[in-house]
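Please read the structure below before turning to the comments.
By convention in this document, chain letters (A, B, ...) are assigned in the order of the sequence lines, proteins followed by strands, and residues within each chain are numbered from 1.
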Amino acid sequence: MNQNSKEKLNGVFASIKAEAHRRFKQMKGDDRHNIFIGMATCGLASGAMEVKAAFEEALSEAKVNAHIIPVGCLGHCYAEPLVIIDKPGSPPILYYDMTPGKARLLVKAFLEEGDPVFEHVLGAMEENDMIPSVLEFPRFSREKKIVMANSGVIDPEDVYQYIEKGGYWALVKALTLAPEEIIEEIIESGLRGRGGAGFLTGLKWRLVRDAREEDKIIICNADEGDPGAYMDRALLESNPHQVIEGIAIAAYAAGARRAIIYVRAEYPLAVKMIKNAIDQSKEIGLLGKGILGTNFDLDISVFQGSGAFVCGEETALIQSIQGKRGMPQPRPPYPSQRGLWGKPTVVNNVKSMASIPPIIENGARWFRGIGTAKTPGTAIFSVVGNILHAGLVEIPMGVTLRALIFDICGGIPNQKKFKAVQIGGPSGGCLPETFLDTQIDFDSLTEAGAMMGSGGMVVMDEDACMVDVARYFLDFTQKESCGKCTFCRVGTKHLLDILERITRGEGREGDIALLEDLSLDIKEGSLCGLGKTAPNPVLTTVKYFRDEYEAHVREKRCPSMMCRALIAYYIDLEACARGCDACVGSCPTESIFTTEDRKKAIDQTSCVRCGECMTSCPPEYNAVRKVSPPALAPKIERPREG
Amino acid sequence: MYSTHREVQSRIKYLSGKQISMDHTRETEEEALLNDIASMLAVFEKERANLIPIVQMIQERHHYLSASALQMVAKYLGVSGCEVYGVATFYNQFRFYPPGKHRIRVCLGTACHLRGGDIILENFERKLGIKEAETTADREFSIDRVACVGCCALAPVAIIDDTVHGHMAPSKVEGLILGFEIEKQREERGKQHGESKQ
């Protein structure tokens, strides 16, 4: 493929750009109000649909002229549903925890009467003299958004909004360069695969470009299987065009004319958004035959993965597209040599793809200026668990865990103490407080025993039981093991059995050593990343929280009082109020009875230890106690009927 | 992939057709289902690579893969039945028994687990008298566990039909099921009322 003339390309793109600008002017130019509503999955789950309906109704009732623009995810899940109101003459204002009632209030008070209703404002979206800007909050100011820069501020269903924000400019620029120059630039930028392994993206492209076979394929891996990570989904739902642009550049550089996006079928909204985005780009000549008047063709299709964690592994993913069970294959041959249908194949993660356009646009040197020397760029984490400002966070590599958890995400709620952070999902590890000053990048995290992996980050407070957390992840990986390697198939099952035994209070002397031995064997004896990393949650928790394991095994006690077989609830008769029966109705198994002096007690034989009575006991009595081991609970017999 | 030994057993039993009695309504239902699948199959080329898209199509239209439907796919693609079954059971997306009228899905992602998602699942199971991946005998409810629906800030979460219920608690479980039962009774009374009028 020859380089394309700059003038000709710019000419073709200029007309598209002009159309985008015309539409933007139309939207901004008149004195109508613009209401942006976050409508990605998390927003919808918190009721964005009802908020939108309330806005529509209130607007038509008040006869106020306004645009409602559905946008994607800003990453601030703790504050969903989020709404930005852009009223002429006022800075755009971000409102949080929206409800239909607040929507009606805002239409009346703000749009009609000009009062921004300060008590519901999170902040203004830009610096101004009127309202404090969200940019002053660490949750905004310390983030560095490259991949998610336009997520949550543009309509993902409208290609022109992306173009107006500078989208597809990188593709135009790339098409004027020689493919080899692009590869050089990406290698130079030091971009490492964001899927978790951290292989140099540009190097992958070069291997495929240099392969002798004519027909080459690009696969964009959006098979996000970690049960606590959802940034790939948020990205596809919020800004699918940035991913498509990245894929197009990758295809041009690697010499491919076909690309496949592998998305989980469990993400119906993401599938819909990406399909719609492909159609739109095709319509205006940014995909398909002769892109922007050049001789570069690219066809992108979507393959819906059917939900198997192991399919995140590239060879398993390829098997799955070929209609087989997603079982990993030995490498070499690497997909770059013989991949899908035996053709040289690039497999890149969604976040890697979305990082490409900004790099092409701003240059490798700019990208190298962000993050650390060995891992330039940003990292996206979904920070969840016992954390105040949960959600998606994009930060430069090299930020410490402490800064991320305490400064950016607001720390642990309810005055609880920090205990551990689990990074990298089922393949990662749990790091205790002593590791809080670890820098976030591929190498530092791996060294500490966790890994970057999927970018799932679960923060745990003092109430989390580390043995149970290890058991939870093993339960997951054991089910997801494809069954190919014996050590992974049988070994993870045994690990789980031992952990279950320990959490049930049936741990034996020697179990902890057995866990460690078995873990190392599984790592050794497995072919793919799943088996090689599955024991990480066990190894790290045993290493850093051995005392908790010992308490479970020796004393049959769960120090965090989370393992339900090892705890008991009882009602302190001193504190219990005579005649009060708040807890009775809350018990799902009718285990609470009235004692002879008309107080309440729990029947330990039928109690399922759900903790509902503790929640429902009025705070002025606060009479329900939780103890471990269960023998500490006083025994109170149920009085005989009659 | 199989979750439990019990599940494997129930699937095997189901596939051999012993578990579900083939009464008349079921037979006609099955026939309509197969006719629909047959008409849809023609859209796909007879290529092995289409196996997963085909079973996805069946799952989407009918919400489960029956044994005879899988046989039909095998015949269409010219591969063995066990090959089709092997691929379909490998992935979590597919189910092999008809779902209930109300589908209950309990999230057991990491954040939900930390906030007691398993207690919520257990409450649904106890209330309805079935286990996860099962359907009640009257086919009103089915329970499934899902991994992360991506609203971790609302943990623990359950999805009933298409509505996400955040901050779940055992007492909420009671309330939700009771709500459905009341609704059903009202419907039935309405029906009876209509009949008696005639």
message: For residues 166-175 of chain B, which residue pairs pass the salt bridge (Lys or Arg N to Asp or Glu O under 4.0 Å) check, not counting sequence neighbours?
response: B:Lys127-B:Glu174
field: Proximity breakdown for A:Gln322 and chain B, heavy-atom pairs closer than 4.5 Å
entry: backbone
query: Considering residues at least two apart in sequence or located in another chain, which fulfil the side-chain contact (heavy atoms from CB on, under 4.5 Å) criterion with A:Met562?
result: A:Cys465, A:Asp468, A:Cys558, B:His113, B:Leu114
message: Is A:Ser320 in contact with chain B via its backbone, its side chain, both, or neither, using a 4.5 Å heavy-atom distance?
response: both
message: Just verifying a value: how many Å separate B:Arg105 CZ and A:Glu266 CD, rounded to the nearest 0.5 Å?
response: 10.0 Å
message: Ignoring hydrogens, what is the shortest heavy-atom contact between B:Ala111 and A:Gly385? Give both atom names and the distance.
response: CB-N, 4.2 Å
field: Closest non-hydrogen atom pair between A:Gly323 and B:Val87, with its separation
entry: O-CG2, 3.8 Å
Partner set under side-chain contact (heavy atoms from CB on, under 4.5 Å) for B:Gln59, not counting sequence neighbours: B:Leu65, B:Phe94, B:Arg95
message: What residues of residues 37-53 of chain B make heavy-atom contacts with chain A at a cutoff under 4.5 angstrom?
response: B:Arg48, B:Ala49, B:Leu51, B:Ile52, B:Pro53
- request: Identify the two heavy atoms, one from B:Leu154 and one from A:Ala45, that lie closest to each other, and give their separation to 0.1 Å.
  value: CD1-O, 4.0 Å
Structural part of A:Tyr267 lying under 4.5 Å from a heavy atom of chain B: neither
- prompt: Under 3.5 Å, side chain of A:Arg325 to main-chain N/O of B:Glu83, donor-acceptor pair present?
  reply: no
message: Out of B:Val164, B:Ile120, B:Ile119, return the one with the most heavy atom pairs under 4.5 angstrom to chain A.
response: B:Ile119
- request: Measure A:Val459 against the heavy atoms of chain B and call it side chain, backbone, both or neither at under 4.5 Å.
  value: backbone
task: State whether the side chain of A:Tyr472 and the backbone N or O of B:Thr110 hold a donor-acceptor pair below 3.5 Å, judged by distance alone.
output: yes
Electrostatic pair A:Asp475-B:Arg145, nearest N-O below 4.0 angstrom: yes
task: Between chain B and each of A:Val458, A:Ile387, A:Leu44, count heavy-atom pairs under 4.5 Å; write down the option with the most.
output: A:Val458
query: At their closest point, which heavy atom of B:Ala169 faces which heavy atom of A:Glu612, and how far apart are they?
result: CB-OE2, 3.8 Å
Under 4.5 Å from any heavy atom of chain B - which part of A:Asn386: both
- request: List the atom of A:Gly305, the atom of B:Gln93, and the distance in Å for their closest heavy-atom pair.
  value: O-OE1, 4.2 Å
field: Contacting moiety of A:Arg564, where chain B heavy atoms sit under 4.5 Å
entry: side chain
query: Quick one: what part of A:Ile321 sits under 4.5 Å from any heavy atom of chain B, side chain, backbone, both or neither?
result: backbone
